[in-house]
Amino acid sequence: DFLAGGGMLCLLNGLLALSRRRPVERFLPASLFLLGGGLFWEGLTPLYLPRSVGDPWDVLAVWLGGAALLARAAADAGEDATWQGHLEAGNRQLETLNAQYEAAKNAEAEARRAYLAADGERVAGVWDALPPEYAGQPVEDWGEAVIIPAFCDLHIHAPQFPNRGVGYGLQLLDWLEGYTFPMEARYGDAGFAEKVWKAFLNRLWAGGTLRFSAFATVHSQAAWRLMELAEASGLRGLVGKVNMDRNSPDSLREDTGRSLADTEELICRAREELKHTAFILTPRFVPSTTERLMDGLGRLGEKYDLPVQSHLAENPSEVAWVRQLHPDVPGYAQVYERHGLLRRGRTIMAHCIYLSPEERALLKEREVTLAHCPASNADLASGIMPLRQYLAEGQRCCVASDVAGGHTAAMNRNAAAAVALSRLRWLDRREEPPLTLAEALWLITGGPGAFLGRVGAFEPGYAFDALVIRPVPGD
Ligand code: GUN
Ligand code: FE
């Protein structure tokens with residue numbers, strides 16, 4: 001019997017959803033199909049329960065099916081609720097934040113036993129003694145805990161989350177073909193996207209990353225859903241639908257006009273409907289975007305005054321490929337510039353390992369934020385960014401995770417990786433002093449915060465995003 005079968009499968013689905021076992025999604029289409037088919041077949045009569053007592057299986061099926069769907073909805077709601085609980089309860093990762101603890105201890109700006117006051121969502125100030133105007137206000141004593149600005153991650157690929165740690169026997173271009181593109185092709189499936197987006201946002205919460213700039217995929221619907229969920233999560237984020245219309249697999253390659261139209265639609269929708277999540281233009285990188293597409297995106301950037309994110313000079317084979325594709329342009333960065341994609345003070349370029357002096361001058365002039373992704377650069381054997389030189393010449397810099405080029409979204413670990421790589425680089429270049437922990441901490445807080453606005457430091461008027469880090473006794 002269709003209805004009985006559908007009802008039972010729905011129930012099984014609901015129970016599995018509640019117990020959070022894996023095969024949930026596989027049962028859902030079959031059970032909904034059977035239940036729906038049964039209702040159609042039997043002319044909806046079982047819904048009129050008193051009249052259908054002649055067939056108790058039908059009645060049971062409808063009730064079971066309904067209960068199962070409610071159970072499933074409850075399980076989904078439970079997943080959403082974990083966002084709010086993460087910083088309170090689930091945050092085991094931050095308890096191992098020894099590197100940042102050291103950094104905070106060393107930092108010049110450290111204030112011991114100080115008062116930090118918030119005025120609504122903004123920092124009011126940090127003082128050794130409580131100013132008289134705060135007398136009588138509630139004060140919470142955090143004891144031995146260290147309080148630092150929350151982390152920001154300005155370069156992360158949400159759809160690559162399931163690929164963390166996978167494929168690092170390869171280098172960039174083979175890794176993209178072999179692992180990244182096949183994974184990103186799956187986001188035409190809304191159910192899959194939903195699951196990954198929730199896991200992604202929960203992980204950011206759990207790691208203390210309260211602000212981010214993320215790549216989605218080419219799929220408009222999935223990108224929009226990520227924006228909606230980001231808005232609901234309480235985090236603050238920039239999200240971009242990826243654009244790619246050349247040198248890409250059939251499963252991801254877009255029609256140029258369509259890519260631009262979809263992008264503009266998302267830009268407008270995000271402006272109308274969202275408050276804390278905004279759109280960021282996201283051409284994947286030069287090899288996968290035609291000049292017509294880059295031009296169109298540059299125009300959208302002007303029209304809506306948008307930020308831009310992309311990749312630049314990550315790997316020698318990639319750089320050689322760009323030279324081959326654009327022999328008439330002096331360098332990789334100049335290709336973006338030519339198409340209006342180095343928007344002054346509004347652009348994030350990830351990696352920036354292999355740059356000419358002219359490209360460096362151009363990026364500085366355009367006030368581009370250079371996102372150093374140390375875990376990714378090590379995992380994919382891409383190279384080591386000359387971060388010390390960039391800092392010395394006054395470039396805007398931050399450290400980012402580049403999941404899943406990098407294996408972890410935990411920004412404390414990415415900061416530690418930045419220090420580690422800088423120390424290895426120093427072995428061959430003694431004139432470039434390695435990064436200190438205090439600098440690394442700044443590169444995951446104040447550095448990226450400068451791109452986002454008044455964020456990433458306990459300065460008056462800055463957003464009050466704070467992490468309270470308790471030392472673990474005996475650890
Ligand atoms: N270059 C173009 N696409 C990607 C990507 O997804 N990850 C990394 N690390 N580099 C890229
Ligand atoms: Fe990346």
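Each ligand, and each atom within it, is numbered from 1 in the order the structure gives. Small disclaimer: the values here were computed from a predicted structure and weren't measured.
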Only heavy atoms of Asp402, strictly under 4.0 Å: list the atoms of ligand 1 that pass.
8 (C), 9 (N)
Report the nearest protein non-hydrogen atom to atom 4 (C) of ligand 1: residue, atom name, distance rounded to 0.1 Å.
His311 CE1, 3.4 Å
Identity and separation of the nearest protein heavy atom to atom 6 (O) of ligand 1:
Arg284 NH2, 2.7 Å
Ligand 1 to Thr180 polar contact by distance, N or O atoms, under 3.5 Å
no
Tell me if a side-chain donor or acceptor on Glu432 pairs with a main-chain N or O of Arg425 at a distance below 3.5 Å.
no
Quick note on ligand 1: atoms under 4.0 Å from a heavy atom of Phe285 include exactly 1 (N), 2 (C)
Any atoms of ligand 1 less than 4.0 Å from a non-hydrogen atom of His351? List them with their elements.
9 (N)
With a 4.0 Å cut-off, would you call Asp295 and Arg292 a salt bridge?
no
Walk me through whether Glu337 and Arg343 qualify under salt bridge (charged side-chain N to carboxylate O under 4.0 Å, His left out).
CA-CA 8 Å; Glu337 161 73 356; Arg343 308 207 63 245; over 6 Å; no
Just how far is it from atom CG of Asn414 to atom SG of Cys373, taken to the nearest 0.5 Å?
8.0 Å
Quick one: does Trp175 get a heavy atom under 4.0 Å from ligand 1?
yes
Between ligand 1 and Glu318, can you find any atom pair, the residue atom being a heavy atom, that is separated by under 4.0 Å?
no
Quick one: which ligand 1 atoms are inside 4.0 Å of a heavy atom on Glu314?
1 (N), 8 (C), 9 (N), 10 (N), 11 (C)
Under 4.0 Å from a heavy atom of Leu172: which atoms of ligand 1 are those, numbered in the order shown and with their elements?
8 (C), 10 (N), 11 (C)
side-chain contact (heavy atoms from CB on, under 4.5 Å) between Glu314 and Leu380: does it pass, once the steps are laid out?
CA-CA 10 Å; Glu314 174 177 5; Leu380 295 176; 4.2 Å; yes
Exceeds 12 heavy-atom contacts within 6.0 angstrom, atom CD of Glu393:
yes
With under 30° as parallel and over 60° as perpendicular, where do the rings of His155 and His311 fit, or are they tilted in between?
perpendicular
Verify the neighbour count for atom CD of Glu431: are there more than 12 heavy atoms of other residues, nucleotides or ligands below 6.0 Å?
yes
Which atom, counting only N, O or S, brings Asp402 closest to the Fe ion (ligand 2)?
OD1
Charged N to carboxylate O below 4.0 Å: is that the case for Glu273 and Arg269?
yes
Quick note on ligand 1: atoms under 4.0 Å from a heavy atom of Gln160 include exactly 5 (C), 6 (O)
Between His157 atom NE2 and His311 atom NE2, the angle centred on the Fe ion (ligand 2) rounds (to 10°) to 100°
Taking non-hydrogen atoms only, is Phe181 closer than 4.0 angstrom to ligand 1 via side chain, backbone, both or neither?
neither
Report whether any nitrogen, oxygen or sulfur of His351 sits less than 2.8 Å from the Fe ion (ligand 2) (N, O or S, backbone or side chain).
no
With side-chain contact (heavy atoms from CB on, under 4.5 Å) as the test, pick out the partner of Val218 among Lys241, Arg258, Arg284.
Lys241
